[in-house]
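Computed from heavy atoms alone, side chains included, the values below leave out hydrogens, waters and symmetry copies. For clarity, every value in this text was computed on a predicted model and none was experimentally measured. For ligands, and for the atoms within them, numbers begin at 1 and follow the listed sequence.
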Amino acid sequence: MTITRRTLLAGGAAGALAAGLLPNLPAFGAPADEDGYDLWLRYRLVANPDDLARYRTAFTHIVVSGNHAVLRSAGAELSRGLSALLGRSVPVTNQLGKGAVVVGVGDLAAESFTIKRRADRVEITGGDERGALYGAFRFLQHLQRHRPLSGLDIADRPASPLRMLNHWDNLNGSIERGYAGKSIFAWDELPGLRERYVDYARTIASVGVNNTVVNNVNASADFLRSERLTGLAALAGVLRQWGLRLWLSANYAAPITLTADRPSPVTVADPFDPGVQKWWQDKIDEIYRLIPDFGGFLVKANSEGQPGPLDYGRTHADGANMLADRLAPYGGRLVWRSFVHGGFSDWAQYEYNVFHPLDGQFHENAVVQTKNGPIDFQVREPVNPLFGGLPRTNQLVELEITQEYTGHSTQLCYLVPEWKTILGFPTYQGPGTGPTVADIVTGTAYQQHNVGMAGVVNLGDDRNWTGYQLGAANTHGFARLAWNPRLSADEIVTEWIELTFGLDQQVGSVLKAIMLQSWETYESYTSPLGMGYLTYPLGAHFRPDPNSTHNLSHYTTSEGTGFDRTAVFPQLYADHWRDVYASPDNCPDELLLFMHWVPYTHRLKSGKTVIQHIYDSHFAGYERVLEFRRAWGRLAGRVDQARYADIAATFDAHVVEAERWRDTIVSYFYGFSRILSTGAEWLQVEYPNRGLLIGGRANDLPLDITNAFRTSQTVATSVRPVDSSWKVGTTSVAIGSGASASITVPVTPPLVTELVDLAIDTGQTALGAAHQTFVVTPDAAQCHLALDIGTADSPLVPGYSRVSPSTTWDATRGYGWVGTAPQPRDRGSSWDALRRDFVGDYPARTFRITLPPGTVRLSALVGDGGPDCPPTIIAEAGKILATSSDLPGGVFTWIHADLDGGPTGRTADLVLDSEPDRFWHLGALVLT
Ligand code: GCU
């Protein structure tokens with residue numbers, strides 16, 4: 001589906017964004033502020049008086065038939081929900097009779113339920129307690145959506161047996177790829193429990209999730225320590241009341257790690273070693289003594305540095321079965337991830353080549369969990385060929401709810417439409433079109449029971465749980481698809497909107513149109529034609545950096561672009577797909593550059609050339625984000641002010657990032673191809689020194705300006721001053737069509753240490769002119785000390801003194817390392833002299849400086865032009881002077897402290913450190 005502005009305005013989803021053109025009339029007065037904490041479990045008083053009256057007569061009390069903890073939860077939730085919806089107490093009693101809502105268990109399939117209206121009561125019946133709980137939530141949702149009571153008769157059951165969340169939460173509270181704060185689990189407080197665990201359990205149970213893995217797949221063995229297990233048992237106890245089984249990610253080398261301090265430690269993790277087997281047996285026995293319904297282990301082995309059976313010459317199946325066999329007697333399962341890659345260039349084939357030969361070798365309670373695509377959750381990938389390649393293996397599809405590669409919590413990207421295309425993909429491995437991914441993971445394809453869906457979840461301890469208000473739609477959507485992959489994206493998003501924002505039709509239609517377009521919109525301004533992986537490979541996976549994956553995910557030259565995978569990759573699919581993917585003429589446009597390298601002038605099925613498509617889609621995608629923001633703006637007054645403003649702020653940030661992507665990708669491909677667009681025309685600005693400015697002095701800021709207009713342009717370039725303390729000049733130059741000019745612009749910033757977003761003003765559309773972050777560092781001549789810290793041979797900021805690991809303390813010089821020096825790093829010439837290199841280390845190191853008399857200000861530059869940068873802590877004499885926060889790769893910060901040199905000056909020993917086992921960074925240090 002491609003939605004253009006025209007189809008939208010012509011009607012589409014109920015008038016779609018055009019509905020935003022209607023006058024601003026709130027439906028029922030201004031709604032009260034909300035913070036998003038309740039997610040879709042908002043039981044707000046039924047606003048329509050007729051509905052309210054009907055509901056009040058129909059439902060007066062709850063009767064729980066049975067005494068199981070999960071049934072009691074169902075009763076409690078019904079009472080809580082109905083009381084709030086009806087604005088009066090609806091208690092749990094044991095009186096049947098008129099107005100009763102009866103919840104219990106009957107003769108139905110496990111986890112299924114029926115909701116039936118009898119003459120004087122409603123009966124919610126589950127095939128088991130879980131089914132009853134799901135029925136209770138569904139009934140409440142029915143009322144939240146003000147659905148009619150006449151003929152209330154619902155029967156439903158989940159399609160997949162395993163509906164699982166994967167938390168990538170660490171012991172220190174951080175979340176790998178988490179964009180919503182810290183972990184909601186306070187590990188060190190356990191067995192102490194937080195109220196929020198109940199809300200967590202209610203929320204995910206309300207959409208049918210039944211299993212949750214609470215810790216990161218990059219697992220710390222510590223989770224399996226006996227001291228931790230009692231605490232985890234308490235958490236499992238909360239989850240159990242909501243029908244949820246707790247799982248743990250297990251580190252395959254846990255037997256080694258956890259016996260290291262014993263007199264006779266286990267020294268290997270070989271699955272065939274009797275000592276290893278005994279260790280796991282004892283551990284599993286111990287776990288089940290504490291957590292009788294423990295779900296099992298999730299294992300990431302021999303992947304990205306994790307230990308595994310391959311270290312001992314065994315296979316993944318050997319490794320998995322050893323654990324599966326020990327979990328089986330307890331009814332536990334073992335989930336083994338297939339996400340392995342032996343090098344970036346062959347990621348796409350690697351998993352298949354490793355796992356396909358093992359098909360049929362995994363035991364019955366072992367499940368292979370496979371990411372939806374062969375790479376890593378890019379916005380568009382072909383469906384992983386392993387789904388067709390493991391017919392005799394239980395499979396889970398792993399989807400990424402957290403938006404690692406799709407905008408974090410800054411850009412709206414509703415993933416249900418993407419997941420629908422994955423689940424609907426026919427493998428052609430059987431008669432007709434062969435089973436789809438949905439058929440495989442629901443067990444209908446090969447009559448399997450240990451199958452389902454796993455979602456890497458986006459929940460954190462932010463008040464709104466998902467970092468931005470609209471992110472919860474992905475959490476909800478994942479669970480609804482795991483329950484029933486046949487639901488349409490439209491049905492799912494409508495349900496989420498009504499539960500989250502109420503029933504205002506304009507909110508519904510506008511927001512639905514935005515949400516349903518957001519995935520393809522994100523794709524259109526980020527990743528052309530299936531290319532993917534255009535962010536720095538080791539970092540935050542957020543901002544565009546196509547250069548860093550040049551010759552890794554794309555082979556861009558002046559002639560063309562893409563990745564020629566025709567030799568092997570298409571052969572991993574059934575004949576149908578092999579024929580489609582192997583030929584550039586048959587390959588669907590959206591995957592062309594994943595499968596093929598083509599010249600820029602290659603014509604797509606759309607009739608456009610590849611290069612023109614890249615330009616047009618990036619410009620159009622950005623425009624659509626602007627439209628999202630405008631459309632949301634017209635809903636003011638229809639959503640409570642707090643959430644309205646929150647979402648408006650998200651769209652503001654979204655626009656900035658979409659612009660950055662558009663500018664980077666379009667400039668990149670124009671830079672290589674030098675083919676002018678037949679549509680939009682533009683200038684593009686590049687920064688030879690990446691934006692380094694010396695504060696308190698005149699700079700000649702170098703800029704490269706390229707003219708991608710079809711005619712020559714006279715360009716008057718200036719810097720938009722941050723405030724009146726900045727002095728700027730203008731430089732004019734004539735640039736021919738398709739030509740570039742290197743100019744300098746006079747800029748004098750104040751004497752500061754700052755990172756500033758500067759806009760370059762060229763008077764016309766100039767890609768890359770906005771949101772460039774400049775680092776301002778003070779003029780060395782006006783500082784007590786100005787140190788450029790890093791490697792021994794990288795370029796220096798003019799006037800600055802070099803500090804490298806070999807700069808040991810020297811009293812005459814007045815600075816240097818005391819004791820062991822840290823390690824140097826250089827991120828290369830795409831960075832300026834200050835930001836390209838730095839020192840850092842895992843252990844703390846000491847840097848001594850001489851302070852002049854009186855008070856001085858110390859400023860330190862922290863950040864990493866490559867991977868993400870953990871906090872850096874600067875302390876003196878046990879007192880913390882300054883700390884930086886976690887920074888994504890490519891983002892820097894100055895941190896400051898005032899130091900007192902006393903009447904005569906003194907030396908100060910600055911201790912540089914990070915959180916335990918994390919790498920601190922230091923790129924510059926100045927005293928002013
Ligand atoms: C991605 C992600 C990692 C994660 C890995 C995995 O590579 O960036 O943070 O650990 O996937 O799924 O194991």
So if I count the atoms of ligand 1 from 1 in the order they appear, which ones are less than 4.0 Å from some heavy atom of Glu404?
1 (C), 2 (C), 8 (O)

Quick one: which of Tyr536, Tyr533, Trp519 gives a ring pair (Phe, Tyr, Trp, His ring centres under 6.0 Å) with Tyr405?
Tyr533

Please check if the side chain of Arg565 supplies one atom and the backbone of Phe594 the other of a donor-acceptor pair under 3.5 Å.
yes

Polar side chain donor-acceptor pair, Tyr525 to Gln411, under 3.5 angstrom
yes

Under 4.0 Å from a heavy atom of Arg177: which atoms of ligand 1 are those, numbered in the order shown and with their elements?
2 (C), 3 (C), 8 (O), 9 (O)

Does Arg333 count as lying over the ring of Trp247, i.e. NZ or CZ under 6.0 Å from the six-ring centre, within 45 degrees of the axis?
no

Between Asp376 and ligand 1, does any nitrogen or oxygen pair lie at a separation below 3.5 Å?
yes

Residue and atom name of the nearest protein heavy atom (relative to atom 13 (O) of ligand 1), distance in Å to one decimal
Lys300 NZ, 2.5 Å

Purely on distance, is any nitrogen or oxygen of Glu176 under 3.5 Å from one on ligand 1?
yes

Contact region, Trp168 to ligand 1, non-hydrogen atoms below 4.0 Å, reads side chain

Go through ligand 1 atom by atom and flag the ones less than 4.0 Å from a non-hydrogen atom of Lys371.
1 (C), 5 (C), 6 (C), 11 (O), 12 (O)

On a heavy-atom basis, which atom in Trp187 and which in Leu235 lie closest, and how many Å separate them?
CZ3-CD2, 4.4 Å

Indicate, as side chain, backbone, both or neither, the part of Asn218 found under 4.0 angstrom from ligand 1 when only non-hydrogen atoms are considered.
side chain

For His541, atoms of ligand 1 separated by under 4.0 Å from a heavy atom:
8 (O)

Criterion side-chain contact (heavy atoms from CB on, under 4.5 Å) against Pro255, the qualifying member of Val266, Asp270, Val268:
Val266

Shortest protein contact, atom 5 (C) of ligand 1 (heavy atom only):
Glu304 OE1, 3.3 Å

Heavy-atom check, side chain of Val451 versus side chain of Thr442, under 4.5 Å:
no

